[in-house]
Structure formats: C-alpha cells, structure tokens
Amino acid sequence: MAEKDYIQQRLDKIKKIRESGIEPYAYKYSRSHTSNKIQETFSRLQGEEQSDVSVGVVGRLAAYRAHGKTIFIQLQDETGRVQVYFRADELGPERFELVKQLDVGDFLGAKGSVFRTRTGELTIRAADFALLAKAIRPMPEKWHGLKDVELRYRQRYLDILSNEHSRNIFMVRSRVVKEIRNYLDNLGFMEVETPMMQPLPGGAAARPFMTHHNALNRDLYLRVAPELYLKRLLVGGFEKIFEMNRSFRNEGISTMHNPEFTMLEIYQAYVDGNAMMELMEKLVLYLVKTMHGGQTLSYQGQDLDLKVPWHRLGYTDAIKEQTGIDIWQQTPERLVAICQEHGLEPPAKAGRVELVELLFESLVEPKLIQPTFIIDFPLELSPLAKQKAGAPDFADRFEPYLAGHEIANGFSELNDPLEQRRRFELQMQKRAQGDEEAQMLDEDFIRALEYGMPPAGGLGIGIDRLVMLLTDSASIREVILFPQLRQAANVRNEPDNPEKE
RNA sequence: GGGUGCUUAGCUCAGCUGGUAGAGCAGCUGACUCUUAAUCAGCGGGCCACAGGUUCGAUCCCUGUAGCACCCA
C-alpha cells in the first residue's frame with residue numbers, strides 16, 4: 001500500500017478516536033514497573049496464580065495479536081518487552097473497540113494484575129489502558145527489522161527501535177564514556193571544556209571547517225583537536241586534566257572517519273609519554289574487563305588479548321620487520337622504488353618522510369593486530385612532541401594500534417617555547433609548499449609556553465574507534481548515532497529556506 | 001579521486017534469454033475468549049532510484065546522474 005494511504009488510514013483512526021472523546025496524544029501515564037522489572041518482580045508466579053497488586057506499564061506497541069474478543073499485545077520500553085492481555089468482557093465494548101483501533105507503533109500505557117499465560121509468559125491483564133501517542137506511519141518489518149543501511153543511518157530512530165543490536169551498541173557507547181569518566185575521576189583527573197570554535201585550528205595535522213562570527217566579524221575554525229588549549233591549562237597550573245568531546249576534520253568519510261568525532265585528550269604534568277602509555281593500556285583493559293568480563297576481545301573475527309603491558313615497537317623497527325629495510329639508510333629514489341615494489345604509488349612530490357609514512361601506513365599498520373604501541377616517530381611528523389632523548393630526529397611519541405587501526409596518539413609534550421616556535425616554522429614552510437594539513441603557527445600558544453609549561457605527558461584517544469572495538473563494529477557509522485551522510489536525493493525538507501520560524 | 005556492486009510495495013526480499021511485476025510482513029474486510037513471527041478466508045497496494053539511448057517492445061541491454069556499500073589512493 002502506498003505510504004500516503006497508510007497515513008490517511010491512521011488519520012482516519014485518529015479522527016474516529018477523537019470523536020469518541022479520547023485524545024490520542026496524552027500528557028503522561030503513571031508507570032509502576034519497567035518491562036524487565038515485571039519479569040524480575042513476578043518471576044515466581046505459577047499456574048493460575050495472579051498478582052494481587054496492579055501494575056502500570058508504558059511503551060510502544062511492538063506486536064499485536066487479535067483473537068476475536070481477546071487481544072494480546074507486546075509493549076516495548078527501553079528495558080525490553082512485556083505482554084498485555086485485553087478481554088472484551090472485562091473492558092466493555094467501547095474500550096475494546098479502542099484496542100481494535102491500535103496499531104503497531106502506537107504508544108500506550110496499561111494497568112492491571114500480572115499473571116502467567118498457559119504458555120508461561122508473564123502478562124498484564126489490562127483492567128485499564130490509555131493511548132499515549134498514535135503513530136501515523138507504519139513501523140519497519142517486525143521480524144527482520146530495518147536492514148537498509150542507508151535508512152538505518154538516516155532514520156536512526158527506526159534502527160534503534162527495531163534492531164536490538166543497534167540499540168545495544170549505543171548503550172555500550174554510553175557506558176564506555178561513563179566508565180572512562182569514572183576511571184579518570186578516580187585517578188584525580190579533572191574534566192574541562194575548551195573552545196570548539198578557535199581562531200586558529202591547531203593540535204593536529206588536519207583540514208578544518210571554517211565558520212564566521214557575525215558580531216565579531218571574524219572567521220573561526222571548528223577545532224581539529226583541543227590540544228593547544230589543554231596545554232595552556234597546564235601552563236595555568238592544572239596538573240591532571242582531560243576533555244572528552246567533539247572535534248571536526250574537513251576530510252574524507254570512510255569506515256574509520258566521520259567529519260565530527262569524539263576524542264578524549266588527557267594531560268598530566270610531571271610525567272612523560274611512558275606514563276601515558278601505561279594509562280592507555282590500563283584504561284582499555286579496564287574497559288574490556290568492565291564490558292566483557294575478561295581481558296580478551298573478539299573484533300571482526302580476530303581475538304585480541306589486552307593484557308598489559310602491550311607490546312612496544314619502534315617505528316623504524318616496525319618498517320624493518322615488514323620490509324627488511326632500514327628506511328633511513330635509503331635514498332629518496334630508493335624509497336620510491338620500495339613503495340612501487342609493494343604496489344604503492346607515492347605522490348610525485350613526496351619527500352623522504354612522506355614516503356616513509358606511506359610505507360608505514362600501508363605495510364605496517366594493517367599488521368598490527370594485537371595491541372601494540374608504535375614508539376619513536378620521526379620528529380618531522382610530530383611538531384608538538386618532545387624530541388627523544390639522545391635521538392633528535394625522533395619524537396618521544398607513541399601510537400597504540402589494535403586490529404590494524406590507530407586508536408590513539410600520545411607523547412611527551414614539547415614544553416620548550418623556542419623549539420616549539422622552530423617546529424611551527426617548519427610546519428609553515430610545509431604549508432607554503434602546499435601541505436594543507438601542516439599546522440599553523442599559533443603565537444598565542446607560544447606565548448603561553450613562554451610563561452613556562454611543566455613537563456607533561458599527553459594522550460588523545462579516538463572514542464568512536466574504541467567503541468567500534470568494544471562493540472565489534474566494522475564501520476564508525478555503526479557507533480555514531482547520526483553519522484554524516486550526503487544529502488539524500490529525495491528528502492522533502494531541503495534546507496533551502498533555513499530562516500523559517 | 002579511482003574501481004566494483006546495490007537501488008523493485010511502508011518494511012524484508014524474489015523476478016529466467018527483453019514481452020508492462022511477485023511473495024512474506026504490515027494494511028483493509030470477515031471468523032476466532034491464552035496468542036508468541038498466532039491462524040484461516042478474501043481484498044487493496046508499484047514513477048521497478050532518476051534522466052536519456054537502443055528496440056516493435058526495457059525492471060532487464062547501453063550511457064549519464066544521485067544515494068548507499070565495499071575495495072583501492
């Protein structure tokens with residue numbers, strides 16, 4: 001049946017219901033038990049036994065089974081489903097007629113005693129009920145749910161109401177975020193909020209979104225990272241801080257990238273990157289234990305063992321393991337040849353470090369299945385990290401990899417203002433040469449460093465990717481409630497008139 | 001950015017070598033006072049993503065566009 005006919009049928013029902021003196025969009029209903037509470041509280045009921053108390057439940061009508069003068073429905077609330085039983089002889093003809101006007105998708109409240117049916121299901125025998133909200137569109141298929149990936153993302157409400165798996169992912173996500181806050185709180189970290197709208201987008205190699213503030217008449221950028229503001233707070237004397245919130249990168253969309261994503265950044269004064277590595281591995285192990293009860297995780301058919309300490313492997317050594325070559329001993333021409341031998345096509349103007357980076361991302365990353373910290377990154381790729389002691393071309397920096405994906409990034413924070421200025425200047429040179437991801441010199445940040453920043457370790461964790469691991473999700477879109485999509489071809493409310501009030 | 005695939009009823013999906021489309025769920029009508037994807041009988045529902053082309057004739061073949069998915073850079 002055509003969509004408009006469904007809606008017309010429902011509208012006709014609403015008219016009929018209103019004519020009988022009932023408002024189909026109620027204000028409230030008094031609930032005494034959630035669905036799962038019904039199961040817990042009355043599990044002892046046996047045989048013909050019936051509860052002497054009356055309970056009130058609410059939810060969306062999820063299943064409707066009519067048998068002449070009796071009707072069974074299932075109400076779905078956030079905790080699960082509970083069955084409600086309507087009898088014509090107990091409700092009277094008028095009330096029973098209203099039950100017949102109900103559709104799957106409507107919100108209802110019902111009151112009555114609890115009993116167990118012949119088939120053993122705990123059921124509420126409705127003494128009274130109320131329509132709370134009438135749905136005028138048909139729900140997704142009751143058995144298969146909503147399968148169409150595009151619809152699942154565009155109309156996520158349908159996905160979470162009809163697919164338990166999706167619903168569960170977002171409940172896990174919520175718990176992960178909560179447990180992280182808990183964990184850090186217990187360690188004495190303070191949560192802070194720094195600007196998402198920044199005059200200069202700093203803290204990561206990424207292209208920003210730009211916006212404009214009318215009253216100030218100035219361009220602002222959505223942050224690509226909170227890093228430079230959090231470090232200003234270290235200057236200010238806060239010693240253990242974190243921020244867990246959105247950052248924005250104006251880049252491609254993929255199974256691992258959404259333009260807006262959630263990042264946790266943690267900074268601790270007077271420690272170095274090693275302390276942050278330990279914090280990282282212990283935090284993840286804690287989450288896995290809390291969520292899954294063990295120290296292993298199954299992700300996309302791979303078993304990951306999160307026991308600490310995780311493997312540490314040097315950046316250079318990691319490439320050597322995969323290629324057998326010490327990359328720093330090779331000429332750029334030789335590096336291009338090595339790339340090509342592995343089926344890679346380096347961009348024409350790629351310099352030495354870009355070639356090395358390409359080799360690392362293509363040949364090493366996918367092999368890093370079990371938890372591994374890659375350490376000692378090339379300094380040129382790490383403009384905000386402190387040099388490695390005794391190895392000035394390398395940074396005291398690490399990235400943990402799980403299942404072939406980078407899930408965090410951290411280092412001993414560079415706190416030498418002169419060295420930081422030099423690094424920014426190198427970035428600006430790259431920028432002048434056309435590298436749009438190179439970082440911009442932030443004078444205000446340098447000035448803060450000039451007042452003195454304590455030595456500190458910093459760590460940034462991609463929360464979306466972490467949730468992917470913990471929920472065995474193959475795409476970042478599965479763990480973001482409303483992922484960014486292209487404009488649908490057939491949407492009706494196109495925002496060509498955003499001024500409507 | 002490149003390649004491959006998908007798009008058919010509100011939803012889940014069939015549709016052969018080109019001959020104007022099917023099922024289940026959902027819906028409507030009727031039967032049914034303990035059902036569990038209730039059952040039984042009947043009925044309705046389609047811009048076959050969109051725009052062109054080839055053809056006597058296109059859901060099907062070709063080209064383009066859009067969205068989505070996967071792979072590659």
Side-chain angles (χ1 to χ4, degrees), chain A residues 1-13 16 45 47-48 50 61-76 80-93 96 99-106 114-126 135-155 158-159 161-163 251-257 300 339-340 342-348 350 354-355 357-359 361-363 365-366 473-478 483-491 494:
Chain A
M1 193 166 64
E3 196 167 22
K4 64 173 178 12
D5 297 327
Y6 267 100
I7 292 173
Q8 191 53 53
Q9 275 179 2
R10 300 288 181 98
L11 292 176
D12 291 345
K13 285 183 183 178
K16 205 171 151 190
L45 284 181
E48 301 290 294
Q50 189 162 318
L61 205 166
Y64 186 92
R65 296 184 280 271
H67 303 262
K69 298 200 165 49
T70 65
I71 295 172
F72 288 91
I73 65 160
Q74 282 192 312
L75 279 189
Q76 177 174 308
R81 290 184 178 189
V82 64
Q83 184 167 259
V84 182
Y85 177 48
F86 299 96
R87 293 175 59 99
D89 56 2
E90 291 180 8
L91 288 169
F96 197 73
V99 181
K100 287 203 213 162
Q101 297 299 312
L102 298 176
D103 289 285
V104 170
D106 294 348
V114 183
F115 73 107
R116 208 177 271 285
T117 61
R118 259 180 229 158
T119 48
E121 179 157 354
L122 280 174
T123 300
I124 291 154
R125 192 182 189 105
I136 63 173
R137 287 178 185 271
M139 293 296 121
E141 218 259 7
K142 65 179 174 184
W143 187 244
H144 299 92
L146 188 67
K147 285 267 175 56
D148 185 302
V149 178
E150 187 176 351
L151 286 184
R152 286 183 46 237
Y153 295 160
R154 288 193 194 279
Q155 293 177 271
L158 295 180
D159 182 34
L161 83 83
S162 60
N163 298 324
E251 293 170 353
I253 294 176
S254 77
T255 51
M256 296 302 290
H257 300 86
Q300 304 293 297
C339 286
Q340 286 164 346
H342 288 90
L344 305 171
E345 293 167 35
E354 284 75 25
L355 292 167
E357 198 179 11
L358 176 63
L359 284 169
E361 286 176 359
S362 307
L363 303 179
E365 284 191 14
S473 300
S475 166
I476 199 169
R477 293 174 172 198
E478 293 293 335
Q484 212 53 243
L485 300 176
R486 285 173 214 272
Q487 172 115 23
N490 56 351
V491 288
E494 295 190 0

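The chains referred to below are lettered A, B, ... by the order of the sequence lines, with proteins before strands, and numbering in each begins at 1.
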P atoms of B:U7 and B:C16, separation to the nearest Å: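 Looking at atom P only, B:U7 and B:C16 are 12 Å apart.
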In whole Å, measure the gap between the C1' atoms of B:U12 and B:U65 for me.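 Per the computed distance, 28 Å lies between those C1' atoms.
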Between A:Asp159 (side chain only) and A:Tyr153 (backbone N and O only), is there a donor and an acceptor less than 3.5 Å apart?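 Flag not set: sc A:Asp159 to bb A:Tyr153 has no pair under 3.5 Å.
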Is there a donor-acceptor pair closer than 3.5 Å between any side-chain N or O of A:Gln76 and the backbone N or O of A:Leu161?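 Yes, the answer is positive, given that a donor and an acceptor are paired below the 3.5 Å cut-off.
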Under 4.0 Å from OP1 or OP2 of B:C68: is there any side-chain N or O of A:Arg154 that close?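 Indeed, a polar side-chain atom of A:Arg154 lies that close.
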Quick one: [X] [atom1] to [N] [atom2], roughly how many Å, whole number?
X: A:Tyr64; N: B:C25; atom1: OH; atom2: C1'; value: 17 Å
X: A:His144; N: B:A37; atom1: NE2; atom2: C1'; value: 9 Å
X: A:Lys4; N: B:A9; atom1: NZ; atom2: P; value: 15 Å
X: A:Glu141; N: B:G27; atom1: CD; atom2: P; value: 11 Å
X: A:Asp148; N: B:U12; atom1: CG; atom2: C1'; value: 10 Å

Residue A:Asp103, side-chain atoms from C-beta onward, closest of B:G45, B:A69, B:C28: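 In terms of side-chain proximity for A:Asp103, the closest of B:G45, B:A69, B:C28 is B:C28.
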Return the minimal non-hydrogen interatomic distance between A:His144 and A:Glu141, and the atom names on each side.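 Minimum heavy-atom contact is N-OE1, 2.7 Å.
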